[in-house]
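These notes concern the structure reproduced below.
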Amino acid sequence: MKYSKMLIPTLREVPAEAEIESHKLMLRAGLMRRLASGVYSFLPLGYRTFRKIENIVREEMDRAGAQELIMSALIPAESYKETGRWEVFGPEMFRLKDRGDRDFCLGPTHEEIFTQTVKSGVKSYKNLPMTLYQIQTKFRDERRPRFGVMRSREFVMKDAYSFDADEQGLDESYNKMYQAYCSIFDRCSLDYTVVDADSGAMGGSGSQEFMVKSDIGEAQIAYCDSCGYAANDEKAQCLEQKVTVTEPALPLEEVETPEARTIEQLCEFFDCGPENFAKTLIYKADENIIAAVVRGDRELNETKLQNYLGCIELEMADDETIYKVTNAKVGFAGPVGLSIRIIADFEVKAMSNFITGANKTGYHIKNVNIDRDTENIEFLDIRNIALGDSCPVCHEKIKLARGIEVGHIFKLGDKYTKALDCLYLDANGKSQTMLMGCYGIGIGRTMASVIEQNYDEKGIIWPMAIAPYQVIIIPINISDQEQAAAADALYEKLLSENIEVLFDDRKERPGVKFNDAELIGIPIRITVGKKTGEGIVEYKLRKSSDMEEINIADVINRVKNDILKS
RNA sequence: CGGGAUGUAGCGCAGGUGGUAGCGCACAUGGUUUGGGACCAUGGGGCCGCAGGUUCGAAUCCUGUCAUCCCGACCA
């Protein structure tokens, strides 16, 4: 392709809308433009990479035996009403009505639609297992779209759904997808980690996320270098600590703490660290009010608590409710003398002579010992794992990192197939419910993650497999007959060898061309300059700082070689 | 949804005691240039987010509204 004919609106300056590197670079390199918050258009250069990622996904899905199809993004409400998700999705679903006032939505995910399709088309165990997928646009009206295409409201996702006769089959289908995902992300040159994820209150026997470690990631992951354990922090298990030091239990003492209600204020007031407190959080779990107690310096893990309680909704209680159950304003709740159900983290059991709220506005209690001072407390793991905690597998120190979720694989079991009566007849002619798995990859997010891991101060450094073009030819002076002719001949030659080449035929100064080539991240750069007469051109890889002069006749082989090697 | 900030040319920004708009880059034309974002000259481009209000007069002051971004909350 001739550069002069292409729409590549590179920007020198960073648009004010972008905060993170991948977002800035995607705008600066002319890969995409914003249309509305969380809605983006891909421009020609960006779309080439986008399609390459799609194709890698497609090839690996096909190789794993999955079949591609495409569903409508416009879906009638009935499809979601049967499983209750028309309500569950709430305002996150883009809803609309047709001229006859019938409810529709733009699909946020397609479990129901695939299940219906399989239900009507598959009747016998002989047709199972079956895995179907699509690469299609999803719509979610996110509360807060952010970081460009990382969290957008309209995004392309590959979503696959497997249907099996039994658990063993589901495991096999799941493992095939796991392998396919590894191949996909390997081919995209992504450095990723697979972590255990929470499978939600609705059951399911397993779920894993493919995470790209990055400071801008929205998920916290815990991992262990010595045994390889890795989990999303919603899932990462905190071990029950052995009680090692036991101070003699001191008598309870009520202390007036008029202006201290946060842990920070209390530390100052009592002149001690946050680990000497236990904080008591009042929650509304469906229709019940409960208290959750964790050490002062810990974070409550709502997912763990919700899974334990088995409730549909879990939210912090409002001030009024807190006053009703604790007899005190917010900030003075404590487990001692509290009459509602109390769930405490394991760690609280190991604490001695700690401080908690007194359930009396303006007062705290010192020297609390949970076993002595309270009863009927349920102890379990309800806190977030923290740096330096023990690995639940090998007991070494846990490390923390942030991650971008680029893929998620999930054993759904019979959640949807049961609700929608997706049945098959087994070998005995008996009706059985199919078991389902679902598997997603965000295409745009994957693209942004690759950039997040592959850039320098000059711009993007595309891995060969997904670069918009493999080679860029830069004639230093296009007005120079000899250079122009040599560059053009080289261009035609590369094209005839089916190499994807961008020919920078613009009448620009060399600096402009070099800077654009580096910004858009083309892996191989061939400069046709003053040694053209001697049959010499310059050859440089984007990812390396070495530049060498090679004979024009050797270029083709060199390029082919570098493409093969990558 | 709570907190914070910003809307002036394609991009980045200035202007602000009220008098109908400016800089850099980009763009167009001509010329000089040609190995790391050239120079000179000329030129095109703006309902100053939108709507009300105050005023003889509003980019500027007031009110409302919309949009965008950041932090948080929430969430397949």
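So that the names make sense, note that chain A is the first sequence line, chain B the second, and so on, each numbered from 1. Atoms considered below: every heavy atom in the structure, side chains included; atoms not considered: hydrogens, waters and symmetry mates. The model shown is predicted, which means the values in this text are computed figures rather than measured ones.
Phosphate proximity of B:G72 to A:Arg146: present, with a side-chain N or O under 4.0 Å from OP1 or OP2. When the side-chain nitrogen and oxygen atoms of A:Thr527 are compared with OP1 and OP2 of B:G35, none of them lie within a distance under 4.0 Å.
The A:Arg151 side chain lies nearest to B:C75 when the options are B:G36, B:U34, B:C75. If you check B:C27, B:C74, B:U68 against the side chain of A:Glu302, the one that comes closest is B:C74. Distance from the side chain of A:Arg12 is smallest for B:A26 among the nucleotides B:A26, B:G35, B:A38. Each of B:U34, B:G36, B:C69 was ranked by its minimum atom distance to the side chain of A:Tyr40; first place goes to B:C69. For A:Arg143, the side-chain atoms get nearest to B:C74 when compared with the rest of B:C74, B:C71, B:U33. Out of B:G12, B:G37, B:G36, the shortest distance to the side chain of A:Arg525 is found at B:G36.
No contact: A:Glu315 has no heavy atom under 4.0 Å from any strand. Using a 4.0 Å heavy-atom distance criterion, A:Ala16 is classed as a sugar-phosphate-only contact. Using a 4.0 Å heavy-atom criterion, one finds that A:Lys138 contacts no nucleic acid atom at all. Note on A:Lys530: a base of the nucleic acid sits closer than 4.0 angstrom, heavy atoms only. Residue-level contact check: A:Asp480 touches neither bases nor backbone, having no heavy atom under 4.0 Å from any strand.
When rounded to the nearest whole Å, the span between CG of A:Leu11 and C1' of B:C25 equals 11 Å. Between A:Lys507 atom NZ and B:G31 atom P there is a gap of 12 Å when expressed in whole angstrom units. The distance from atom CD of A:Glu142 to atom C1' of B:A73 is 14 Å, rounded to the nearest whole Å. Distance CD1 (A:Ile476) to P (B:A38): 13 Å, rounded to an integer number of Å. A straight line from CD of A:Glu549 to C1' of B:G35 spans 12 Å, rounded to a whole angstrom. In this structure, A:Lys24 places its NZ atom 15 Å from C1' of B:C11, rounding to the nearest Å. To the nearest angstrom, P of B:U33 lies 12 Å from CZ of A:Arg509. Nucleotide B:C69 holds its C1' atom 10 Å from the NE2 atom of A:His23, rounded to whole Å.
Taking atom C1' in both B:A67 and B:C48, the straight-line distance is 16 Å, to the nearest Å. Between the C1' atoms of B:A14 and B:C25, the separation comes to 15 Å (whole Å). Distance noted for atom C1' between B:G52 and B:C11: 32 Å (whole Å). Taking atom P on both B:U6 and B:C75, the two are 31 Å apart, rounded to the nearest angstrom. The gap from the P atom of B:U65 to that of B:G24 amounts to 39 Å, rounded to the nearest Å. Nucleotides B:G12 and B:C69 are separated by 16 Å at their C1' atoms, to the nearest Å. Taking the C1' atoms as reference points, B:G7 lies 12 Å from B:A59, given to the whole Å. Distance noted for atom P between B:G45 and B:U55: 35 Å (whole Å).
Within the shown strands, B:A41 is the pairing partner of B:U29 under the Watson-Crick or G-U definition, both distances less than 3.5 Å. Summarising the base pairing, B:U54 is matched to no nucleotide, lacking a Watson-Crick or G-U wobble pair whose two defining distances lie under 3.5 Å. In this structure, B:G22 forms a base pair with B:C13, meeting either the Watson-Crick or the G-U wobble geometry with both donor-acceptor distances under 3.5 Å. A 3.5 Å limit on both hydrogen-bonding distances identifies no Watson-Crick or G-U partner for B:U34. Base pairing annotation: B:C75 forms no Watson-Crick or G-U wobble pair, as no partner gives both donor-acceptor distances under 3.5 Å. The pairing partner recorded for B:U68 is B:A5, the criterion being a Watson-Crick or G-U wobble arrangement whose two distances lie under 3.5 angstrom. Summarising the base pairing, B:C48 is matched to no nucleotide, lacking a Watson-Crick or G-U wobble pair whose two defining distances lie under 3.5 Å.
Between A:Arg144 and A:Leu35, the residue anchored closer to the 5' end of RNA chain B is A:Leu35, taking for each the nucleotide with the nearest heavy atom. Residue-to-nucleotide proximity on RNA chain B shows that, of A:Glu19 and A:Ser479, the 5′-proximal contact is made by A:Ser479.
Aromatic ring orientation, A:Phe185 versus A:Phe210: tilted (interplanar angle from 30° to 60°).
A salt bridge does not link A:Asp141 with A:Arg95: none of the charged nitrogens is closer than 4.0 Å to a carboxylate oxygen. Residues A:Arg151 and A:Glu405 are not paired through a salt bridge, judged by the lack of any N-O separation under 4.0 Å between the basic side chain and the carboxylate. Salt-bridge check for A:Glu538 with A:Lys531: failed, with every basic side-chain N at 4.0 Å or more from each acidic carboxylate O. Salt bridge annotation for A:Glu112-A:Arg85: present, with a cationic side-chain nitrogen under 4.0 angstrom from a carboxylate oxygen. A:Lys543 and A:Asp456 are not joined by a salt bridge, as no carboxylate oxygen comes within less than 4.0 angstrom of a charged side-chain nitrogen.
Side-chain contact annotation: A:Ser162 with A:Tyr439, donor-acceptor N/O pair under 3.5 Å present.
Between the base of B:G24 and the side chain of A:Glu13 there is a donor-acceptor pair shorter than 3.5 Å.
Evaluated for a salt bridge (Lys or Arg N to Asp or Glu O under 4.0 Å) with A:Glu518, the options A:Lys513, A:Arg525, A:Arg28 yield exactly one hit, A:Arg525.
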